[in-house]
Each structure stands twice: as C-alpha cells, then as structure tokens.
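Right, one structure below, let's go through it.
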Amino acid sequence: MSMLRTIKPKNARVKRALKEREPQVVENEKTAIFVRGQSTSDIVRNVMKDLYALKQPHAINFSRKNDIHPFEDTASLEFFSNKNDASLFVTGLHSKKRPHNLVFTRMFDGRVLDMLELGVEGFKGMGDFDSPKSSVGIRPLMIFHSDLFDTHSKYQLIKSFLLDFYNGHALSEIPLIGGIEHVISITAGPLPQDHDENTDKNLPKVHFRVYTVKLLASGSKVPKLQLTEMGPSIDFAVRRVQDADEEMLKMALKRPKIAKSDVESGLGKKKKNIETDSMGDKVGKLHLERQDLSKMQGRKMKGLKVRKERPSAEEMQVDDEE
C-alpha cells in the first residue's frame, strides 16, 4: 500500500505555491509534456510533432534527448511534472524490440498514476494532406467507434487517456459556428478468433484520424457537416500497460460533495437555506421564534397610549336633561 506524500511549507511563499497546486473543485486544463528518449526514430519524432500541435497551447515540447525509460524508472518524469506543473506525458522511444514506441503517462500528486504503451505501425503527417487545418486551442469533437472501448480493459484505458489529452472539461453547450473545427475519430476492429484473454496478444489496431469540419447549407436550421481529413493519420498497436495503484486511483477520482449546479453558479459548498435564483442573486431564508406581542413594552410610545374615552353625544344629552 503506497501512501501519498505530504509537504510542509517552510515559508509563506512556498505555502502559496503549494496552495495553487492543490486539487481544485474545477480543475484547470491539463498540460502535457512531449519528451524524447535517448534513441528515437523519424517516425516517432514526426508523430510527436503532430500530437503536440493538436494539444497546443496546453503543451510543452522538450527538444533535447533525455535518458528516460518510464517503465523502469519514473524519477525523471516526476521531476519534470513538479517543475512544470504538468500531469500528462508522451515519451518517444525506439528500439529493436519495441520499434517506434510511444509511452503515455498520467500523473497524480507529482507521482506516476498509470502508463500506456502504443507502437506506431502506420503514419501520415499533417503535411501530407492538402486541406485546411484547425485553429490552435479549439477543442475537438471526439468519437470512438468500437465496443472494445467500453468492454475491454486496455481499450477502456486508451479511451480514458485520449479523452484526458484532448477533450478537456465536459461542456453542456457548443455553438455551431466557430465551436467545432475538427473531429478526432478513434476506431478499433473486432477481436480475432484466436485471441487469448490471458496474454492479450494479437489485439486489433487503434486507428487515429483527424478531420476538419465545414458547415454547409441544408435547407433547415441544422446545417450539413462535411468532413475533410487534415491529419495526422496514425495506426497504433497496443503494447504494455501499467495500471494505477488502487489507493492512488481512489484519491485521484475523489470528488467534493458539491452539486454541479452550485459550482456553475459560483455558490461553492451547499449551505442550508441559501439558494441562487435564475438571475444569479443569492436568496436566503431566516427562521425566527414566534413573537409574543402581549409582552411588548409600547406604552411609552405616543401612538400606543391608552386614552380616556370621551362620552358620546347621546350620553351628554341625557346628562343635560337630568
């Protein structure tokens, strides 16, 4: 069982820096670092270049080679993560045993959470497609075509990694004009008949495709979409996987007890008898004890003084007759 580390601040400046890196109710966009190992290939460098372009502006590219082997030693990744406040990594490697290798890594609390290894078996870069490209910083629409992404453990991990890298936070609404410029399509074929569940060999490839979106007139309010491939086009082979530690995964998935509507309205933690109306104003209810008005001291007030009753006109007439 691994314990999460705790750092005690030595001064006020360190305390402020640690507070900024603490888990937030609404997290910021995750930053990815693209780093090369000691030995890489042209294919690996070109794939990382295009993946980096899709991730911008929330991406950092290391141009120098580094002695990194994520599955053997994670110290370098943890150092880069803490120094650059990044939680995602793509490490490019190449060897005779595992050619054209990419290792995707996720971090939590400055430590490695889980890792996924994919091999590049087919690649066409953005420069090979004579088509318009999407703008920098526009979030893509992501589509997964296969039941394996919901049923098979390794493909579920691939889906989770790619969504963390490129999808960002979930959105409730997207404007049609300017909201969607490109689509990332991830496809996997069916499992072969000779598939062995114990070894997970001969797994189908994962096909990574990117298309630009063009809106055309359709004669109705909903426009017609035309897709044009812009690249990159990558065929991945599924290789090694390192699953997350149970305790660390539990902490990473922990959520505060705050309703989504409260977070969006800026109310924060739910408070008793306090609500936010449709106009965004904070409305509260006060509950007071029942007041006994008979014990209220009001005789000194001019308007509450008891006056002597004057005799009516009939009583005055009777007195005169007597």
Side-chain angles (χ1 to χ4, degrees), residues 1-8 17-18 20-24 27-40 44 47-48 51-52 54-55 58-95 97-98 100-120 149 152-169 200 203 206 208 236-255:
M1 182 181 295
S2 62
M3 300 298 293
L4 297 179
R5 63 175 183 171
T6 56
I7 302 175
K8 294 183 179 180
L18 292 176
E20 291 179 357
R21 296 191 178 188
E22 287 180 354
Q24 306 294 327
E27 293 284 355
N28 54 0
E29 294 290 343
K30 297 180 180 180
T31 301
I33 294 179
F34 292 77
V35 56
R36 291 185 295 164
Q38 288 286 3
S39 177
T40 57
V44 169
V47 169
M48 293 179 65
L51 293 179
Y52 167 76
L54 290 176
K55 180 61 179 173
H58 305 289
I60 302 173
N61 184 33
F62 287 180
S63 58
R64 295 183 179 180
K65 296 180 180 180
N66 294 270
D67 188 12
I68 294 180
H69 300 278
F71 282 91
E72 285 75 27
D73 185 14
T74 61
S76 298
L77 296 181
E78 292 174 358
F79 172 76
F80 291 143
S81 175
N82 291 318
K83 186 176 181 180
N84 298 277
D85 193 18
S87 57
L88 301 173
F89 281 88
V90 179
T91 307
L93 301 167
H94 177 69
S95 64
K97 186 177 181 180
R98 296 183 180 90
H100 315 307
N101 208 34
L102 291 179
V103 180
F104 293 79
T105 308
R106 287 190 291 195
M107 312 292 292
F108 175 72
D109 193 35
R111 298 172 59 190
V112 172
L113 178 65
D114 51 3
M115 289 189 289
L116 169 68
E117 187 179 60
L118 300 176
V120 180
F149 293 113
H152 196 281
S153 59
K154 285 190 176 182
Y155 289 87
Q156 287 175 337
L157 189 63
I158 293 173
K159 180 180 179 180
S160 178
F161 262 93
L162 293 177
L163 287 176
D164 264 357
F165 264 83
Y166 293 110
N167 199 38
H169 298 302
D200 266 344
L203 289 174
V206 176
F208 185 95
F236 288 116
V238 183
R239 293 177 180 171
R240 292 181 292 177
V241 167
Q242 178 177 308
D243 294 324
D245 179 76
E246 292 184 2
E247 181 186 356
M248 191 182 296
L249 182 61
K250 184 178 179 180
M251 292 296 296
L253 297 177
K254 188 176 181 180
R255 296 193 177 199

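This is a predicted model, so every value here is computed, not measured.
- Screening M107, Q242, M248 for a side-chain contact (heavy atoms from CB on, under 4.5 Å) involving L113 leaves a single residue, M248.
- Atoms CZ and CG, from F108 and D114 in turn, are 12.0 Å apart once rounded to the nearest 0.5 Å.
- Ring geometry, Y166 versus F208: the interplanar angle falls from 30° to 60°, so the pair is classed tilted.
- The NE2 atom of H58 lies 13.0 Å from the NZ atom of K30; values are rounded to the nearest 0.5 Å.
- Using a 4.5 Å heavy-atom cutoff, the side chains of V47 and L102 are in contact.
- Two residues are said to be in side-chain contact when any heavy atoms from C-beta on lie closer than 4.5 Å; F161 and L118 fail this criterion.
- Taking the six-membered ring for Trp and thresholds of 30 and 60 degrees, F89 and F80 have ring planes inclined between 30 and 60 degrees apart.
- Nearest heavy-atom pair across K55 and D164 is NZ-O, 4.2 Å.
- Minimum interatomic distance between G92 and T40 (heavy atoms only, all atoms of both residues): O-CG2, 3.2 Å.
- The structure places CG of D243 at 10.0 Å from CG of L116, a figure rounded to the nearest 0.5 Å.
- Here CD of Q38 is found 7.5 Å from CG of N66. Values are rounded to the nearest 0.5 Å.
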- Could you walk me through whether Y155 and V238 pass the side-chain contact (heavy atoms from CB on, under 4.5 Å) test, one step at a time? CA-CA 9 Å; Y155 289 87; V238 183; 3.9 Å; yes
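- Going from atom CG of D85 over to atom NZ of K83 covers 13.5 Å, rounded to the nearest 0.5 Å.
- Scanning both residues, S81 and G110, for their nearest heavy atoms gives OG-CA, 4.4 Å.
- Between H100 and V44, the shortest heavy-atom contact is CA-CG2, 3.4 Å.
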- Task: For side-chain contact (heavy atoms from CB on, under 4.5 Å), just list the numbers for L51 and F165, CA-CA rounded to whole Å, side-chain angles, deciding distance to a tenth of an Å, and then say yes or no.
- Result: CA-CA 10 Å; L51 293 179; F165 264 83; over 6 Å; no
- Taking it one step at a time, do V103 and I68 satisfy side-chain contact (heavy atoms from CB on, under 4.5 Å)? CA-CA 11 Å; V103 180; I68 294 180; over 6 Å; no
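- Screening K97, K154, R240 for a salt bridge (Lys or Arg N to Asp or Glu O under 4.0 Å) involving E117 leaves a single residue, R240.
- Closest non-hydrogen pair, N101 versus R239, comes out as OD1-NH1, 2.9 Å.
- Contact of the P70 side chain with the L77 side chain is registered, since non-hydrogen atoms from C-beta on lie closer than 4.5 Å.
- With rounding to the nearest 0.5 Å, the separation of CE in M115 from CZ in F104 is 13.5 Å.
- The shortest non-hydrogen separation linking A244 to L249 is CB-CB, 4.1 Å.
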